[in-house]
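Worksheet: the structure to be examined is printed underneath.
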Amino acid sequence: MCGIVGYIGPDQAAPFLLEGMSKLEYRGYDSAGIAVFDGSQINIDKSVGRLNILAKKVEMKPLTGNLGIGHTRWATHGRPSDANSHPHTDCTGKFVVVHNGIIENYMHIKEKLIAKGHIFTSETDTEVVAHLLEEYYEGDFEATVKKVLETIEGSYALVFMCQDEPDKLICTKQDNPLVIGLGEGENFIASDIPAIISRTRRTYILSDGEMAIVTKDSVWVTNRQGVPVTKKVFEVNWDAEAAEKGGYEHFMIKEIYEQPKAVRETMTGRVAKDNSGVAFEELKWIKEDVTSLKKIAIVACGTAYHAGIVGKYLIENLARIPVEVDVASEFRYRSPLIDDQTLTIVISQSGETLDTLAALKEAKKLGSRVLAITNVVGSSIAREADQVIYTWAGPEIAVASTKAYTTQLIVMAMLAIYMGSLKGKLPQARVLELCQELRELPNHIHELLEDVEPIKTFAQQYGFNEDVFFLGRSLDYAVALEGALKLKEISYIHAEAYAAGELKHGTLALIIEGVPVIALATQKDVYEKMLSNIKEVKARDAVVIGIGLKGDNQIEKYVDHTIYIPATDKFLTPILSVIPLQLLAYYAAATRGCDVDKPRNLAKSVTVE
Ligand code: F6R
C-alpha cells in the first residue's frame, strides 16, 4: 500500500501534493517524494523517512510549477531509501511515474531493458514502468502509456507525467484505488478521498482497467480498449476524519475489510498461477536447506505468536519437521536448545518488537539460521535476520492486529507447502489442491465480510458480559487464543481461550448459567469430541455461539447461535474462522464505547522489554 497524488491547475502544485500526501500517510510512511514541472523540466525531490523530512527539504528549496505528482511509500520491492522512493524516472528524465501496487513481471522486463542499455537506479518494481515509457515512446504520450499497460502484469494505480506534454497527467488503475477530484480550472488525482477533500467534493472513482487523461479543464476517461467511459460524479459527503478511515468508524474495521486484498497481495508471485506450487523468490532454497533441518523454532509475541502456533500445526503436518513455538520474552531466558541445524522463524508485524528482536539475536548467537516474517520492509528485525519473507498487508494503524495476522497465516501456509514440496513430503496432487484453496481465500473472506449483521447483534447482546470463553481443539484452539486476545485487548472483557479437552481439568468450574462460550468446530478429525465439549458447557447453561463450516447441519442442534464460515482445506480454516472473532471483538468494543483503535495501556509497537 502506498499513497499517490497528482495536481494540474493554476496554483503551485507542491503545497497541495504535500498536504494531500499527509492525509495518505496511513497508506505508507517510510519515504516520500514529489515531481513538479517548472515550465521547462521536471524536478524531483524525495527522501527516506516520514513526510516531514521531505516537507522541510521542499521548504528550504521549493519546487515550483503547476503540474506535479507525489507519493508516500510503504516499501514492498526494495528497502526504504532515497533511491527507492518514488517518483521514478527513465534514463532521460522525460517520464516520471508514481505507483501503488506490485508489478509482478518486473524482473523479466528489467532484464530485457538492461540488455537494451537502460540504467536502473533503484531496486523497485516501479522503475521498469518509467523505462518502458522511454523504450516505447514515438512522440505520443497516450499511445505509449497504453503500450506499457499491455506489457505490465500485476496490481497498480499509476500516475504518469511526460516532459513533452506538460498540459496533462495520465492515470490508470488495476486492483488499487484511484480517485479523480474535479475542480474549477484545476483537477486532482489521489489514492483516496482524504487527500483531495479540502479542495473538492466532486469526484470520479476510477474502475479497474480505466485510464484517464487529466488536464486542468477536462477529465477524459476510457477503458483499456480506448472506448470512452461516461463516469458518474460521486459527491463526497463524509467529514475529513471519516474520509481518512475510508468512511469506516475506526481503522480496525477498515483493516478487517482490507483482508481480502492483503491476503491476495501476500500470495502474489508466490502461489504459481497454475496452482502447481509455491515459490519464494526471496529464499531460493534447495532441498538440502530443508532436509538438513533438525527442527524449527518459531518465536514471536502476542498475535504474531498465535500465528506461530498455527504455523507449528501446518509445518509439522505438511512438511513433517518438528516445530517449537515460544513467546519471545520466554525464549531468551530458557536456554533454548537450538543450533546450526535449527531454523528460527521470528514473526513480527512491526519488525521492531524488542523481545522478538532480542530472541532473534539470541538464536543467531546459538548458531541458528534466522528467517523473519514481517510487514515492514527495512525494519530492525528484517535487517538482522538472515532471510525475510514480507507480508504485504500494508500499514496497520489500529493497535489490534487483524490483517497482519491473516497475512502471517498465509505466509505460514505457503511456507509449509514450500517446505513439504522441497522435502518430497507432499504429493503434487495435494500441492495443487492446497494452492487452489489458497487462491479462493480472498473470495471466502469477502463473503464472510458481507454478512456481519448477526455478529453485530451477538456483540450487542453479550457485549456487557464480563467473562467470555473461547473453546477449540487443534487448529481451532490456536484461533480461539487469538479470538480471546482480540476481545480482551479492545473491549476489556475478560476472555479465556481453552483447548476444549482441558475444560474438565479445572475451567469447567467457571461455566455457569448465561456465560457466553464461543465454540469453534471446524476441524473434522476432532469434530465429535468438540460436540461433546459443547454439550458439557450447554449442560451448565452457558450460552454457546458455535463457529462451524457451511454444510455442517449438526452443530446448530447443540448451540444457541451459529456462525458459518465457508468450507476450505482444514489447514486453511484459521484464516477464515478468525474473521468472525475479529468482528465480534470489534463490535463488542464499539458497543461498550471503547477507544477501539487505541486501547488503554497499549502501544502499536512494543520497543521496551
Ligand atoms: C494484538 C497485537 C499484539 C502484537 C504484538 C507483537 O492485537 O497487535 O499482540 O501482535 O505486540 O507485535 P509485532 O507483530 O509488531 O511484533
Side-chain angles (χ1 to χ4, degrees), residues 30 74 250-256 259 262 266 298-311 325-332 344-361 363 370-385 388-412 470 478-493 495 497 574 578-579 581-586 588-589 594-609:
D30 61 42
W74 183 258
H250 299 100
F251 278 111
M252 181 180 175
I253 188 74
K254 178 169 182 274
E255 287 162 6
I256 288 175
Q259 288 179 111
T266 301
I298 301 183
V299 190
C301 300
T303 288
Y305 166 68
H306 295 154
I309 298 176
V310 173
V325 193
D326 275 276
V327 283
S329 53
E330 291 296 319
F331 176 83
R332 317 162 47 189
T344 303
I345 303 179
V346 294
I347 311 176
S348 172
Q349 186 284 130
S350 61
E352 299 296 344
T353 301
L354 189 115
D355 283 323
T356 311
L357 183 60
L360 179 164
K361 289 180 179 162
V370 178
L371 168 65
I373 297 173
T374 180
N375 195 35
V376 183
V377 178
S379 56
S380 304
I381 285 175
R383 289 198 309 269
E384 290 282 337
V388 188
I389 298 177
Y390 289 108
T391 50
W392 288 327
E396 199 176 55
I397 307 287
V399 163
S401 190
T402 53
K403 60 178 182 170
Y405 175 72
T406 39
T407 53
Q408 285 159 0
L409 296 190
I410 283 287
V411 169
M412 294 315 307
F470 289 75
V479 176
L481 287 166
E482 175 57 8
L485 175 62
K486 232 43 351 152
L487 187 66
K488 56 190 153 194
E489 73 174 317
I490 58 167
S491 73
Y492 317 141
I493 297 172
V578 76
I579 307 286
L581 307 191
Q582 294 171 341
L583 290 165
L584 204 62
Y586 172 75
C594 300
D595 188 350
V596 174
D597 285 336
K598 292 196 178 85
R600 68 184 177 210
N601 307 338
L602 299 178
K604 182 68 185 157
S605 183
V606 186
T607 53
V608 289
E609 195 172 351

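Positions are given from 1, in the same order as the sequence printed here. Just the heavy atoms: all of them, side chains too, but no hydrogens, waters or symmetry mates, feed the values below. Both counts, for ligands and for their atoms, begin at 1 and track the order of listing.
Nearest protein heavy-atom contact of atom 16 (O) of ligand 1 is Thr353 OG1, 2.4 Å. Closest to atom 11 (O) of ligand 1 among all protein heavy atoms lies Val606 CG2, 4.1 Å. When only non-hydrogen protein atoms are considered, atom 15 (O) of ligand 1 lies nearest to Ser350 OG, 2.7 Å. Annotation: atom 5 (C) of ligand 1 to nearest protein heavy atom, Cys301 O, 3.6 Å.
For ligand 1, the atoms lying closer than 4.0 Å to a non-hydrogen atom of Ala400 are 7 (O). Of all atoms in ligand 1, numbered sequentially from 1 with element shown, those under 4.0 Å from a heavy atom of Gln349 are 13 (P), 14 (O), 15 (O), 16 (O). Residue Glu489 has at least one heavy-atom neighbour below 4.0 Å for each of these atoms of ligand 1: 1 (C), 7 (O). Atoms of ligand 1 found under 4.0 Å from any heavy atom of Ala304, numbered from 1 in the order shown, are 10 (O), 14 (O). Of all atoms in ligand 1, numbered sequentially from 1 with element shown, those under 4.0 Å from a heavy atom of Ser348 are 13 (P), 14 (O), 15 (O), 16 (O).
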- Message: If you apply the rule side chain to side chain donor-acceptor pair (under 3.5 Å), what do you find for Lys403 with Thr391, and how did you get there?
- Response: CA-CA 10 Å; Lys403 60 178 182 170; Thr391 50; over 6 Å; no
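Glu396 and Ser401 form a side-chain donor-acceptor contact under 3.5 Å, judged by distance and modelled atom types alone.
Between the side chain of Thr266 and the main chain of Trp392, a donor-acceptor pair closer than 3.5 Å is present. Of the possible donor and acceptor atoms, none in the side chain of Tyr492 sits under 3.5 Å from a partner among the backbone N and O of Cys594. Under the 3.5 Å distance criterion, the side-chain polar atoms of Asp597 are matched with a main-chain donor or acceptor of Phe251. Using modelled atom types, no side-chain atom of Glu384 and backbone atom of Lys361 make a donor-acceptor pair closer than 3.5 Å.
Here Lys486 has side-chain heavy atoms under 4.0 Å from ligand 1, and that is the only part of it that gets that close.
Taking distance alone, with nitrogen or oxygen atoms compared against 3.5 Å, Val399 approaches ligand 1 more closely than that limit. Annotation: Thr303 places an N or O atom under 3.5 Å from an N or O atom of ligand 1; distance criterion only.
The residues Asp355 and Arg332 are annotated as salt-bridged, a charged nitrogen and a carboxylate oxygen being separated by less than 4.0 angstrom.
For the side-chain contact (heavy atoms from CB on, under 4.5 Å) test with Leu481, the passing option among Val310, Ile309, Thr303 is Ile309; the others fail.
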